[in-house]
Amino acid sequence: MPARALPAQAGATAAHAVQTAHDALARTRHSVRAFLPTPVPLDCVQSLLQTARQAPSGANLQPGHFWLVQQPLRQQLSDAVVHASRHGPEQAEDYDYFPRPMPMQLRKRQVAAAQALYGQLGIARGDAAARQRHFEDNYRFFGAPVALIVTIDAAMGAGCYMDLGMALHALLLAAHARGLGACAIGAFASFPDTVRSVLALPDAHKVVCGVALGHADPAHPVNATRTAREPLASYFTVLGGG
């Protein structure tokens, strides 16, 4: 008969299984921009957010608020933001999402990401109208059954954005672990006045992003989009040592 695993061996095996599962989730997660109409129960959304809240948080402040936007308010929000994006005027963002000006090495990554996305959709580089139509899908949460708006209290310090970002990543991983797809939507941050007005949010809530959540449409070409990550040597440096 095979020898029984010692407790330490069993613990090591379990730890390896957790590591393998986590690495697989992190490496296979991707932004989903087309969804099936299959509903996601409210208790599932609540469970995902409770899992996301286990993310690290300095002094346990747990910054950020998640607003589930349902119909008909959701349609009102989407229509208002689309209108604002088409007709202006430009709104002052609550925080700077991108560096200004954009350094050339970062601009190249941005362009490569756009090429990957629009290439999957068959949208030509010069087809500005088609690109604009697709971009407006951001404001419609890509048709996902679950639409979230994420805000942060204006009194929070800059470091709290880091904590909220970790919670958002935890949310995306938790969704992926349950067989769901998700996409964080930074485009909403460009129209904070409209978002606050339509949703009647307190003025102290800064608009961080939206989140689309649901079952990914496996047949839609946009969900085959993948972006490359930089090689380790470009962002990792060893200092000191022998």
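Along the sequence shown, residues carry numbers from 1.
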**Request:** To the nearest 0.5 angstrom, please state how far the CG atom of Asp153 sits from the NE2 atom of His205.
**Result:** 5.5 Å
**Request:** Report whether Val69 and Val146 are members of the same hydrophobic cluster (ILVMFWY, side-chain heavy atoms less than 4.5 Å apart, transitive linking).
**Result:** no
**Request:** Kindly check if the number of other-residue, nucleotide or ligand heavy atoms within 6.0 Å of CD (Glu90) is above 12?
**Result:** no
**Prompt:** Passes ring-ring contact (aromatic ring centres under 6.0 Å, His included), Phe35 versus Phe142? Steps please.
**Reply:** CA-CA 7 Å; Phe35 295 85; Phe142 301 109; 7.2 Å; no
**Request:** Answer with yes or no whether the hydrophobic clustering places Leu173 together with Met162; edges join I, L, V, M, F, W, Y residues whose side-chain heavy atoms lie under 4.5 Å apart.
**Result:** no
**Request:** Identify the heavy atoms of Leu213 and Ala175 that sit nearest to each other, and give their distance.
**Result:** CD1-CB, 3.6 Å
**Item:** Beyond-backbone contact of Arg125 with Arg131, side-chain heavy atoms, under 4.5 angstrom
**Value:** yes
**Asked** Counting only N and O atoms by type, is there a donor-acceptor contact under 3.5 Å from the side chain of Asn138 to the main-chain atoms of Phe135?
**Response** yes
**Request:** With the side chain counted from C-beta on, respond yes when Leu180 and Cys44 share a heavy-atom pair under 4.5 Å apart, and no when they do not.
**Result:** yes
**Request:** Look at Arg196 together with Asp94 and state whether they make a salt bridge at an N to O cut-off of under 4.0 Å.
**Result:** yes
**Request:** May I ask you to check whether over 12 heavy atoms, not counting those of Asp203, lie within 6.0 Å of atom CG?
**Result:** no
**Prompt:** Does Tyr161 reach the side chain of Lys206, with side-chain heavy atoms less than 4.5 Å apart?
**Reply:** yes
**Asked** Backbone N or O of Ser47 within a donor-acceptor pair of the Thr51 side chain at under 3.5 Å?
**Response** yes
**Asked** Is it true that the side chains of His30 and Thr225 contain a donor and an acceptor less than 3.5 Å apart?
**Response** no
**Asked** With side chains defined as the heavy atoms from C-beta onward, is the minimum distance between Val150 and His65 less than 4.5 Å?
**Response** no
**Request:** Please answer: with hydrophobic residues joined when any side-chain heavy atoms are less than 4.5 Å apart, are Phe236 and Leu239 in the same cluster?
**Result:** no
**Request:** Go through the side-chain N and O atoms of Gln132 and Glu136 and say whether any donor and acceptor fall under 3.5 Å apart.
**Result:** yes
**Request:** For ring-ring contact (aromatic ring centres under 6.0 Å, His included), just list the numbers for Phe188 and Phe141, CA-CA rounded to whole Å, side-chain angles, deciding distance to a tenth of an Å, and then say yes or no.
**Result:** CA-CA 10 Å; Phe188 279 103; Phe141 297 92; 4.8 Å; yes
**Message:** How about NE2 on His87, more than 12 heavy atoms from neighbouring residues, nucleotides or ligands closer than 6.0 Å, or not?
**Reply:** yes
**Request:** Check step by step if salt bridge (Lys or Arg N to Asp or Glu O under 4.0 Å) holds for Arg100 and Glu93.
**Result:** CA-CA 13 Å; Arg100 298 182 183 183; Glu93 297 179 344; 3.4 Å; yes
**Asked** Does the side chain to side chain contact (heavy atoms under 4.5 Å, CB included) test come out yes or no for Thr194 and Tyr139, once each step is laid out?
**Response** CA-CA 12 Å; Thr194 301; Tyr139 308 131; over 6 Å; no
**Item:** Heavy-atom closest contact (Val32 atom, Gly181 atom, distance)
**Value:** CG2-CA, 3.7 Å
**Request:** Could you tell me whether a side-chain N or O of Gln76 sits under 3.5 Å from a main-chain N or O of Ala80, the two making a donor and an acceptor?
**Result:** no
**Fill in**
Shortest non-hydrogen pair, Leu61 vs Cys160, comes out as CD1-SG, 4.0 Å
**Message:** Using side chain to side chain contact (heavy atoms under 4.5 Å, CB included), reason through His134 and Val222 one step at a time and then give a plain yes or no.
**Reply:** CA-CA 10 Å; His134 171 74; Val222 74; 4.3 Å; yes
**Prompt:** Is a side-chain N or O of Asp163 found less than 3.5 angstrom from the main chain of Gly58, in a donor-acceptor match?
**Reply:** yes
**Prompt:** How long is the gap from CE on Met102 to CZ on Arg107, to the nearest 0.5 Å?
**Reply:** 7.0 Å
**Message:** If I take atom OG from residue Ser31 and atom CG from residue Leu172, how far apart are they, to the nearest 0.5 angstrom?
**Reply:** 7.5 Å
**Request:** Answer yes or no: is there a side-chain heavy-atom contact under 4.5 Å between Gln91 and Ser190?
**Result:** no
**Asked** Nearest 0.5 Å, what's the CD-NZ distance between Gln115 and Lys108?
**Response** 12.0 Å
**Item:** Pairwise distance CD(Gln54) to CG(Leu49) - rounded to 0.5 angstrom
**Value:** 11.5 Å
**Prompt:** Is the closest side-chain heavy-atom distance between Leu42 and Gln46 below 4.5 Å?
**Reply:** yes
**Single-linkage hydrophobic cluster, 4.5 Å side-chain cutoff, Val82 and Leu199 together** = yes
**Fill in**
When every non-hydrogen atom of Pro99 is compared with those of Leu106, the smallest separation belongs to CG-CD1, 4.0 Å
**Request:** Give the minimum heavy-atom separation between Leu77 and Val195, together with the two atoms involved.
**Result:** CD1-CA, 4.0 Å
**Prompt:** Looking at Gln120 and Ala224, what are the two nearest heavy atoms and their distance?
**Reply:** OE1-CB, 3.6 Å
**Message:** Quiz question: by atom type and distance under 3.5 Å, do the side chains of Gln50 and Arg53 form a donor-acceptor pair?
**Reply:** no
**Prompt:** Under 4.5 Å between any side-chain heavy atoms of Pro145 and Thr38, yes or no?
**Reply:** no
**Message:** So, taking the atom named CG in Leu121 and the one named CZ in Arg33, what distance separates them when rounded to the nearest 0.5 Å?
**Reply:** 9.0 Å
**Asked** Can any side-chain N or O of Ser197 pair as donor or acceptor with the backbone N or O of Asp193 at less than 3.5 Å?
**Response** no
**Prompt:** In the single-linkage hydrophobic clustering (I, L, V, M, F, W, Y; side-chain heavy atoms under 4.5 Å), do Leu164 and Val45 co-cluster?
**Reply:** yes
**Message:** Taking the side chain as everything from C-beta on, heavy atoms only, tell me whether Val208 gets closer than 4.5 Å to Tyr97.
**Reply:** no
**Request:** Just jot down the salt bridge (Lys or Arg N to Asp or Glu O under 4.0 Å) partners of Asp137, sequence neighbours excluded, or say none.
**Result:** Arg140
**Prompt:** Any donor and acceptor pair, going by atom type alone, linking the side chain of Ser234 with main-chain N or O of Pro231 inside 3.5 Å?
**Reply:** yes
**Prompt:** Taking atom OH of Tyr95 as the centre, does the number of heavy atoms from other residues, nucleotides or ligands within less than 6.0 Å exceed 12?
**Reply:** yes
**Asked** When you look at Trp67 and Leu148, which way does the side chain to side chain contact (heavy atoms under 4.5 Å, CB included) test go after all the steps?
**Response** CA-CA 5 Å; Trp67 308 83; Leu148 298 169; over 6 Å; no
**Request:** Go through the steps for Val211 and Ile149 under the test side chain to side chain contact (heavy atoms under 4.5 Å, CB included), then give the verdict.
**Result:** CA-CA 6 Å; Val211 176; Ile149 289 292; over 6 Å; no
